[in-house]
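As a basis for the values below, the full set of heavy atoms in this structure was taken, side chains included, without hydrogen atoms, waters or symmetry mates.
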Amino acid sequence: SIDAYREAIEVAATPADRSRALIGMASGMRVNDRVDEGLAALAEAQPLAEQDRLALELARLHHLRGNLYFPLGRIDECLSEHQASLAYARAAGSVGAEATALGGLGDAYYLQGRLRSAHEQFARCVALAREHGLAKLEVTVLHMVGWSADYLLMARSAVEIGLQGVALAERLADARAAMLSHALVADLATRALGDLALAAVHTVRARELAEKLGVPHSTIIMEVL
């Protein structure tokens with residue numbers, strides 16, 4: 001996708017087209033952990049998007065930049081970028097972009113250690129996604145509702161959320177989301193509920209999916225974000 005967007009940049013007929021291509025390329029770079037290159041692409045795209053007042057593209061741009069700041073530990077900037085993403089999403093009237101931005105805010109608050117605020121934003125994201133049939137977004141964020149609920153001493157609720165995540169991920173054939181939801185249930189069933197039978201079932205499934213995805217067993221929990 002990075003190569004395809006790079007070609008699109010070369011043939012872009014308008015600043016708006018070039019901006020969209022740069023944002024698309026940055027998205028691919030985020031997945032490949034090419035953080036500096038992704039940030040550079042977004043820096044080039046932003047004035048082009050602002051020039052044509054492309055609110056939806058700016059919502060995506062700020063969300064991506066917030067996600068790129070996350071692994072760098074640039075906490076305040078991560079939060080401000082997701083706040084900007086939410087403002088542009090609402091200006092664009094896009095429910096999908098708004099829900100995505102709420103999920104980003106949850107990540108930013110999580111990074112700050114503000115677990116109640118993180119939980120509230122993740123829950124708002126999931127509720128909005130569910131209301132509007134955005135199942136792929138819902139399943140991506142649902143397990144984080146559970147993990148943040150655990151920090152708020154809501155273990156039983158977190159397990160129920162994990163089971164919902166498992167069911168939805170299996171329906172959507174989303175192996176990564178399924179792995180994370182199984183890991184959530186396995187962890188809390190052991191640590192909070194003492195239900196070793198339930199934990200065993202979900203531990204086995206989480207490991208099977210981790211092997212399928214090439215994720216080391218010891219780093220499954222670290223994949224929550």
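- In this structure, the side chains of R60 and S27 come closer than 4.5 Å at one or more pairs of heavy atoms.
- Follow the hydrophobic side-chain contacts under 4.5 Å out from W147 and you reach L193 in the same cluster.
- Note that the CG atom of L188 and the CG atom of D195 stand 11.5 Å from one another [nearest 0.5 Å].
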Check the pair L142, R130 against side-chain contact (heavy atoms from CB on, under 4.5 Å), reporting the backbone distance first and the verdict last.
CA-CA 10 Å; L142 189 56; R130 187 173 291 167; 3.9 Å; yes
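- The existence of a salt bridge linking E208 and R205 is confirmed by a sub-4.0 Å separation between a basic side-chain nitrogen and an acidic carboxylate oxygen.
- A heavy-atom distance below 4.5 Å is found between the side chains of R207 and T203.
- When all heavy atoms of L198 and A189 are compared, the closest pair comes out as CD2-CB, 3.9 Å.
- A heavy-atom distance below 4.5 Å is not found between the side chains of L42 and L22.
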Would you tabulate the side-chain donor-acceptor contacts of residues 155-175 under 3.5 Å, counting partners in other chains and residues two or more places apart, or write 'none'?
unit_1: D174; atom_1: OD1; unit_2: R176; atom_2: N; d: 3.3
unit_1: D174; atom_1: OD1; unit_2: A177; atom_2: N; d: 3.0

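- Nearest heavy-atom pair across F122 and S148 is CD1-OG, 3.9 Å.
- Taking the six-membered ring for Trp, H62 and H82 have ring centres at least 6.0 Å apart.
- Residue L111 holds its CG atom at 4.5 Å from CZ of F70, rounded to the nearest 0.5 Å.
- Among all heavy-atom pairs drawn from S19 and A49, the shortest one is OG-CB, 3.4 Å.
- Counting heavy atoms from C-beta outward, L54 and R20 have side chains that approach closer than 4.5 Å.
- Going from atom NE2 of H63 over to atom CG of L68 covers 10.0 Å, rounded to the nearest 0.5 Å.
- Looking only at side-chain heavy atoms (C-beta outward), D107 and Q121 stay at 4.5 Å or farther from each other.
- Hydrophobic clustering (ILVMFWY, side-chain heavy atoms < 4.5 Å, transitive): L105 and V141 are in one cluster.
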Show me the donor-acceptor pairs within less than 3.5 Å that the side chains of residues 2-10 make with the rest of the protein, sequence neighbours left out.
none

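- Classification of R65 and E77 as a salt-bridged pair fails, no side-chain N sitting under 4.0 Å from a carboxylate O.
- Follow the hydrophobic side-chain contacts under 4.5 Å out from L184 and you reach M144 in the same cluster.
- Here the straight-line distance linking atom OG of S181 with atom CG of L209 works out to 10.0 Å at 0.5 Å rounding.
- Dense packing is recorded around CZ of R191, with more than 12 heavy atoms of other residues, nucleotides or ligands lying under 6.0 Å away.
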Check against side-chain contact (heavy atoms from CB on, under 4.5 Å), D187 and H202
CA-CA 9 Å; D187 179 56; H202 290 278; over 6 Å; no
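- Scanning all heavy atoms of the two residues, the minimum distance from S85 to A59 falls at OG-O, 2.8 Å.
- The backbone N or O of G96 lies less than 3.5 Å from no partner atom in the side chain of H132, so there is not a single donor-acceptor pair.
- Note that the CG atom of L102 and the CZ atom of R124 stand 5.0 Å from one another [nearest 0.5 Å].
- A 4.5 Å side-chain heavy-atom check between V35 and R30 finds every atom pair outside the cut-off.
- No single ILVMFWY cluster, assembled from side-chain heavy atoms under 4.5 Å apart, contains both L64 and L79.
- Residues V126 and Y109 are members of one and the same hydrophobic cluster, defined by side-chain heavy-atom contacts under 4.5 angstrom among Ile, Leu, Val, Met, Phe, Trp and Tyr.
- Taking all atoms of both residues into account, the shortest heavy-atom contact from H143 to V139 is CD2-O, 4.3 Å.
- Taking OH from Y151 and CG from L115, the interatomic distance works out to 6.5 Å, rounded to the nearest 0.5 Å.
- For the pair Q46/L61, a side-chain contact is recorded, criterion being any heavy-atom separation below 4.5 Å from C-beta on.
- The minimum heavy-atom distance between A206 and A183, with the atom names listed, is CB-N, 4.0 Å.
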